[in-house]
Amino acid sequence: MLDTTVVVAVSLAYLGLLFAIAFYGDRRARAGRSLVRSPITYALSLGVYCTSWTYYGAVGTAARDGLIFLTIYTGPTIVFMGWWFILRKIARISKAHRITSIADFIASRYGKSASLGMIVTLIAVVGTMPYIALQLKAVATSFAVLISYYGSTGGTGILPDIPPAVISGAALITAMGMAAFAILFGTRHIDASEHHEGVVAAIAFESCVKLAALLAVGIFALFFLSPDTGDPGVLNTGALRSLYVLPADYEARWLTMTFLSMAAIICLPRQFHIAIVENVEERHLTTAAWLFPLYLLLMCLFALPIAAAGLTTLSPDSNSDFFVLTVPIVQGQDALAIFAFIGGLSAATSMVIVSAIALSTMLCNDLVMPCLLRIPRLRLTARGDLTRLLLFIRRAGIVVVLLLGYAYYRLTGGVGPLAQIGLVAFAAVAQFVPVMLGALFWKGGTKAGAQVGLTLGFVTWFYTLIVPALAGSTWLPSSVVTDGPWGLAFLRPEALFGLEGWEPLSHAVFWSMAANGLGYILVSLFSRQDVLDRMQATLFVDVFRRPRDEPHVWRRSAAVDDLYTLLQRFLGRERAQRAFQQYAEERGRRPRDLPEADADLVAFVERLLAGSVGAASARVIVSSIAKGELLVLDEVLEILEATREAIVYSRRLEEKSLELEATANELRRANEQLKELDRLKDDFLTTISHELRTPLTSIRSFSEILSDPDELDAVHARQFLEIISSESRRLTRLLDSILDIARLEQGHADWRMADIDPAATLSAAVAATGGLFRDKNVAIDIRVEFAPSPIHADRDRLIQVFVNLLSNAAKFCDPASGRVRVEGRPRDNGYLVAITDNGGGVSPRHQARIFEKFAKADQHGAGPHSGFGLGLAISRQIVEHHRGALWLRSPTGQGATFCVFLPAAASRPAEAERAAASA
């Protein structure tokens, strides 16, 4: 048996650590060094979803019903993986309207209705009570188990009858401790839309603790447990294999639980608070979309092994909900048991703390304040500083919420599995789903429809789930469930209107959601929206398309001093002064120079108040001093139409601007191309003039000498005639080359295309230049492989290309020990030719222009720049006509390699691009 003092000391030390983390987080936030502006912290804080139900109860469900426990994890996973459609929209709306809670969100959408906010708050409070009771039960029972469990003969353990007073006392102490934490760190700011960074940091830390504890117990059960089989762990036991099953007729329950968990991750007040209100940046949802599902996967990873360990080592009448705790105890692992208890404490405290903060905000903003504002005698809007009153209401709300949870726990006796209690709460908050989806995607939903739908759904939920839970107690006879009220069998809570054979949860969810959805839709279709309701519907549904400055539906004005005084009462002097200073500076004014408050300033004050007292109460407060009237429907529609036309016109201007910018860029590029063409034309004319002048000058000079034959002997005359003949041939070759490249560029060249063997064509070119290599004493290394496929080409033109490349190689190789390597091989559905010399290579500055007309590379050993610089340009034109590629590789000082790739007859041009890229 573990010593009570040790358990209490460890528990208090852990709670003290939470207080320290929260205090440190708040202090860092005040210093401008936030701990929670990390998407990792945000995603971990979402782990508040994993309460003692998922910590203890998931293992219990696995032990009783096999794989059905997975539904509690699949629902949130689906929602977060599709965050772009729902969560992103809710976050964007909430930031724009300074939403403080789910009640505020729904009330704001449906005309900022205070009555609707009250209905949502009551449903949330009543529906969350079973869930808070579940946490209190889990903590109290686990504490009692830890200090009272003892081993029996044979190594199995039993849970003795623990006095109810011990458990209930532990539950009450737990509730008060959680209330103290929530009051200290959850109600420091009057603006509920501000972030509770200390609380979020503590919740993220608790998420890590409970995950680590559950993984530790799971790893122990899977690999180190000592069951009766003699093998360590439960990995190979029949108990584990027996859990990979689903209960009979599981389909309806699977769908029901998946739907409820999907609804809970959005509609539970604590989840809405953490995921939306405490969201610092919308982009954090991107990280949470994968990290939170991963966290859930790790949380459920060892549920089956722990369940199998409990079934293997504990007596059949052991409470499976606490296998996480009792398995380590029975195995004598006291330290692990303490760690598991701390993990369960983390799971429960995080849920209760955040729920208490969220519900107290809803009670203050959407229930208490609207009621107080409607009591004329109180004259709240005319009083002094009300910040203390607001803080007192929220702190009292935290105590009331936790006491109500404790009362529910005592009233129901805390009976039933943890999962069953949790699902009751899930079914309650699922009633928000129709009005939430309508708020996001249906402009036709009305305030009356939302009120009727929520009321019908909640009443049906209470009748079909809570009444059976209370039946048999001093409050309600069991005959109500067995025979129906007043003996009316068709009104039996678990077989309503004769629908029998369904398990209670699926039955309750079906009837409550049917009543809710039908009531919401039908009443909305047959009721009218007022102007504010319709305006809010447009702002919510079209949140991603609305203008930044939304139109106002009020024609209001007020004195600036009155608005400042009003804001001061609810936010405090310092914050009100800072807000007005910021508003004035954004408009280039000083606060005292602001004119009479117009609709913009009134709306600004209302949004600030909404962060403290909720949208509905803020509207009532501002209306008490802002004189004006609601615009009639025609005026609102006119504003909306004008806004729409302005947006359309703005978009058209933007499109025209983009078109003009694109046109200007095109003209700029065209002008640059014209300048480049003009430069190339000048270069061409300069180069061609030089190339023509050289042979013409020689011809003219020697012709003039020959014109006076008396001064020449026969030998010199014959020598001069040979020079004239040589220069004439050179001139002819130049003109032929110019005409040739002109025809190639213009597409007027003659082509004799046929399927040819590229290897044979290359060999023919090598043979044709053999004399040149012998004259220059250049060694040639020939490695020509067989071509498996022919190419479709002009054979003479290809020989022209190869001869040009071979001639250049012979010309530019090392003059002392010249060597040229000729390679030909199949490559990438074509044929690759590579001709390499061992000269000085082509300098980097010449490589970029080597294939241009009249370009001459400065290569070592070439001597004077011989040739016209047209050979490579012509060669590239010929190769590209054959859908091939010609390129150069020339590492510094390592010679030059010219590569030619020619695609096979049936291949595509892309083969040439791939060959060039991979070379």
Side-chain angles (χ1 to χ4, degrees), residues 49 53-54 57-58 60-79 123 126-128 130-131 134 245-268 300 320-321 412 415-434 436-437 453-454 456-471 478 480-485 489-521:
Y49 174 80
W53 168 16
T54 52
T61 303
R64 290 186 297 270
D65 299 319
L67 296 174
I68 198 72
F69 79 96
L70 291 174
T71 55
I72 303 306
Y73 303 94
T74 54
T77 299
I78 293 171
V79 172
I123 294 175
V126 175
T128 307
Y131 215 169
L134 181 153
V245 295
L246 288 167
D249 301 326
Y250 72 91
E251 292 87 354
R253 186 170 178 82
W254 184 283
L255 291 175
T256 300
M257 292 177 65
T258 300
F259 166 73
L260 290 180
S261 61
M262 292 176 67
I265 200 63
I266 299 175
C267 299
L268 279 170
C300 71
S320 59
D321 279 339
T412 61
V415 296
L418 298 180
Q420 179 180 335
I421 301 174
L423 288 170
V424 170
F426 276 21
V429 298
Q431 304 309 314
F432 300 147
V433 169
M436 285 286 288
L437 293 179
L454 286 172
L456 290 177
F458 175 70
V459 169
T460 307
W461 166 83
F462 189 89
Y463 184 72
T464 55
L465 278 180
I466 302 300
V467 167
L470 297 176
S478 57
V480 173
V481 177
T482 57
D483 304 326
F490 71 94
L491 291 181
R492 286 178 294 167
E494 295 183 338
L496 194 60
F497 301 124
L499 186 62
E500 299 186 79
W502 287 37
E503 59 94 19
L505 180 66
S506 299
H507 171 270
V509 170
F510 171 79
W511 281 118
S512 62
M513 296 308 298
N516 188 333
L518 286 174
Y520 171 60
I521 293 172

What's the spacing between I466 CD1 and W461 CH2 if we round to 0.5 Å? 3.5 Å
Measure the spacing between OG1 of T256 and CE of M513 and express it to the nearest 0.5 Å. 11.0 Å
Taking the side chain as everything from C-beta on, heavy atoms only, tell me whether F69 gets closer than 4.5 Å to T54. no
Is the backbone N or O of L255 less than 3.5 Å from a side-chain atom of T258, with the two atoms forming a donor-acceptor pair by type? no
Smallest heavy-atom separation, V467 atom then P493 atom, equals CG1-CG, 4.1 Å
Starting at OG1 of T74, measure out to CE of M257 and round the result to the nearest 0.5 Å. 8.5 Å
Between CD1 on residue I123 and CZ on residue F432, distance to nearest 0.5 Å: 5.0 Å
Donor-acceptor pair, distance only, cut-off 3.5 Å: does the side chain of W511 make one with the backbone of L499? no
Nearest non-hydrogen partners of C300 and L70, listed with the distance: SG-CD2, 4.2 Å
So which heavy atom on I68 is nearest to which on D65, and how close? CG2-CB, 3.3 Å
With rounding to the nearest 0.5 Å, note down the distance linking CG in L491 to CG in D483. 12.0 Å
Could you tell me which non-hydrogen atom of P468 sits nearest to which non-hydrogen atom of E494, and how far apart they are? CB-OE2, 3.6 Å
What is the minimum heavy-atom distance between A427 and L465, and which atoms define it? CB-CD1, 3.7 Å
Looking only at heavy atoms, what is the nearest atom pair of L456 and A515, with distance? CD1-O, 3.8 Å
Q431 and S512 side chains, donor-acceptor separation under 3.5 Å: yes
Could you tell me how the ring of F462 sits relative to the ring of F458: parallel (under 30°), tilted (30 to 60°) or perpendicular (over 60°)? tilted
Less than 4.5 Å apart, any side-chain heavy atom of P485 and any of Y463? yes
With the side chain counted from C-beta on, respond yes when M262 and P76 share a heavy-atom pair under 4.5 Å apart, and no when they do not. no
Could you please spell out the steps behind the side chain to side chain contact (heavy atoms under 4.5 Å, CB included) verdict for L260 and L505? CA-CA 10 Å; L260 290 180; L505 180 66; 3.9 Å; yes
Hey, does the side chain of H507 reach the backbone of L496 with a donor-acceptor pair shorter than 3.5 angstrom? yes
Spacing of OG1 belonging to T71 relative to CZ belonging to R253, to within rounding of 0.5 Å: 7.5 Å
As a quick check of understanding, evaluate side chain to side chain contact (heavy atoms under 4.5 Å, CB included) for V429 and Y131, giving each step before the final call. CA-CA 11 Å; V429 298; Y131 215 169; over 6 Å; no
Heavy atoms, side chains only, cut-off 4.5 Å: are L423 and I72 in contact? yes
